[in-house]
Structure formats: structure tokens, C-alpha cells
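Scope of the values below: all heavy atoms of this structure, side chains included, with no hydrogens, waters or symmetry mates. Atoms within a ligand are numbered from 1 in the order they appear, just like the ligands themselves. Treat the numbers as computed from the prediction; the structure is a model and nothing was measured.
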Amino acid sequence: MKKEFNSEELTIPTHVAIIMDGNGRWAKKRLMPRNFGHKAGAKVVEQICEDAYNLGIKYLTVYAFSTENWKRTVEEVTGIMNLLRNYLKDCIERASKNNMRVRVIGDRTALDADIVERIEELEKMTAQYDGLQFTIALNYGGRDEILRAVKKIASNVKEGTLDVENIDETCISSYLDTNDIPDPDLMIRTSGELRLSNYLIWQLAYCEFYFTDVLWPDFTVEHLKEAILHYNGRDRRYGGVK
Ligand code: IPE
Ligand code: IPE
Ligand code: MG
């Protein structure tokens, strides 16, 4: 018998990280251009933010665009960036309505100036909100994030503001884009791919992984509940013995 979802009896993961994959295949199945899939995917993000918060999830982080996604055609990248422009604009209103705090992680230097401006405005306007703590990984790569952190650490050591003896795991975490966000408890990847694709490689060290064949535009709260049920069946040992 399938286990029922009863949030009172379940452990709800504090932080869920999602690799929203499969937009292109979803569009292809409908004989539509890839950007049609991205548009449908963006709608799903809005819904999942609400659902996640209603289920008791405090932090949600989604992978929107990786440092490797620039390899796609100019048409696709332009389409994604335009979608993002609209998304960020609408997000300001939705965030204030839902008390949602929005942060963006990743390397902003490669993004268009108007997008960076919108991100800064959104982060500033929502900084005090204590509802869902929503993070968008944009032009994000785990290796790139670590590389940028290492450069900052090296330059602080050089200028004398950081002592080599004080570099420990907590210190390194504090130099990452996710410095004020706890590590994810559950990572969900849609579309059947079984890899990390450079997502949060430091932060996911002890995370539980859940993979589903569902394509991102088809992902609903029922799939999210299914992932949480699986999470509840896991035994998190962190290297110890239970
Ligand atoms: C994920 O869907 C969205 C982004 C990477 C921007 P994809 O565009 O990777 O969809 P598939 O994997 O080609 O189906
Ligand atoms: C990962 O998906 C990036 C995002 C979902 C934004 P990709 O579709 O780019 O990953 P690969 O190419 O299958 O590894
Ligand atoms: Mg993909």
C-alpha cells in the first residue's frame, strides 16, 4: 500500500534544492521550440514556491541557468534571459504578497546590466521577509563558486585580513554565495538524468538525492510530496553509526 502523506508525522526537509531539468524535451514532445518548454517551466517554479512553503519547507533553491548553459544557441539563451527579465519583474509583487525572501547565487558579472539591477532590487526589497527563503542559481556553477571563493580567500590572506590558520570548513562556507543559507537536506532532479551538473557541489556533501523521470514542466506538488516521502525513508548517518 502506498504510504499516505501526513505532514504532521513526516520530517519535512528544511532546505530543498531542485535541478529543474527536462524543459527542452517537454517542448520537443509537443513539437514546439525549446523556449516554449522554458516558459512552461517558469510557471511551475511559481507554483512550487507556494506549495513548498505550504508543506513547511523553509528554504528552496532552484537551478535556473548554469555556467555551462551558455553553450546553447543564442536564440535559446536570449529566450531564457528574456523569460528571466519578466520573471524577476513579476517576482517583486509575488514576493511581497507571500512574504518571500529572494536571493540569487552565481556569477552576476556575465549578466546584462538591467538583469543585475532587477536582482539587486528584488534582493533588497525582500531582505526582511521571513516566509519562504527562495534562492535562484543563475549563471551558477559549483566549481566557479568555489573558484571565486578561493580567489577572495587568497586576496584576504594577502592583504592580512585573514589568517591561514583560521581557514576551516566554516570559513570556506562563509566565502561561498550561499554563506547565509543552510546546506540542502534534499536534492531533487527531474527528467531522469542521474548527475549533479555542477550544482552546489560543496553544499550537497551530505544531502539526500531524489531522481524522478518527470519532466520539469510536469512537476507538481504531488511529485514534491513523493520526494519528501522517500526522504523520510532515508537514514541520515553522516558517517556515524546508528
Ligand atoms: C532545464 O531544461 C532548463 C535549463 C537548463 C535552462 P533543459 O533545457 O535542460 O531541458 P532538456 O534537458 O534539454 O530536456
Ligand atoms: C542543469 O541542467 C542546469 C539547469 C537545470 C539549469 P542541464 O540540462 O544543463 O544539464 P546537463 O547538460 O544535462 O548535464
Ligand atoms: Mg537538461
Arg189 near ligand 2 by a heavy-atom separation under 4.0 Å: yes
Of all the non-hydrogen atoms in the protein, which one sits nearest to atom 1 (C) of ligand 1, and at what distance? Met20 O, 3.0 Å
In the protein, what heavy atom is nearest to atom 14 (O) of ligand 2, and what distance, to one decimal place, separates them? Ser197 OG, 2.6 Å
Sub-3.5 Å N/O-N/O distance, Tyr63 and ligand 2: no
Give the atoms of ligand 2, by number and element, whose distance to some non-hydrogen atom of [X] is under 4.0 Å.
X      : answer
Arg195 : 11 (P), 13 (O), 14 (O)
Ala64  : 6 (C)
Phe65  : 6 (C)

My understanding is that we take every heavy atom of each candidate and find the minimum distance to atom 8 (O) of ligand 1. Doing that for Arg72, Lys29, Glu76, which one comes out nearest? Arg72
Is Glu193 touching ligand 1 with its side chain, its backbone, both, or neither, if touching means heavy atoms under 4.0 Å apart? neither
Check ion pair [X]-[Y] (N to O, under 4.0 angstrom):
X      : Y      : result
Glu222 : Lys225 : yes
Glu68  : Arg195 : no
Arg148 : Asp144 : yes

Qualifying residue for side chain to side chain contact (heavy atoms under 4.5 Å, CB included) with Val104, from Leu84, Val116, Asn139, Ile119: Ile119
Using the side-chain hydrogen bond (donor to acceptor under 3.5 Å, both in side chains) rule, take Arg101 and Tyr59 through it: C-alpha gap first, then chi angles, then the decisive distance, then the call. CA-CA 10 Å; Arg101 177 172 183 182; Tyr59 294 84; over 6 Å; no
I'd like to know if Gly22 contacts ligand 1, where contact means a heavy-atom distance under 4.0 Å to any ligand atom. yes
Looking at ligand 1, is there an atom of it that comes within less than 4.0 Å of some heavy atom belonging to Lys28? no
Among the clusters formed by ILVMFWY side chains lying less than 4.5 Å apart, do Ile48 and Trp26 turn up in the same one? no
Could you see if Phe134 belongs to whatever hydrophobic cluster contains Tyr129? Use Ile, Leu, Val, Met, Phe, Trp, Tyr and a side-chain cutoff under 4.5 Å. no
Verify the contact flag for atom 12 (O) of ligand 2, where contact means a protein heavy atom under 4.0 Å away. no
Expected output: side-chain [X] to main-chain [Y] donor-acceptor under 3.5 Å:
X      : Y      : answer
Arg94  : Glu46  : no
Tyr199 : Ala17  : no
Gln133 : Gly131 : yes
Asn69  : Ser66  : yes

Please check whether [X] reaches ligand 1 - meaning an N/O of the residue sits under 3.5 Å from an N/O of the ligand, judged on distance alone.
X     : result
Asn23 : yes
Gly24 : yes
Asn69 : no

Check ligand 1 against Ile80 and write out every atom of the ligand that is under 4.0 Å from a heavy-atom position of the residue. 6 (C)
If you count the atoms of ligand 1 from 1 in the order shown, which ones are under 4.0 Å from a heavy atom of Arg25? 11 (P), 12 (O), 14 (O)
Provide the atom name of the closest N, O or S atom of Asp21 relative to the Mg ion (ligand 3). OD1
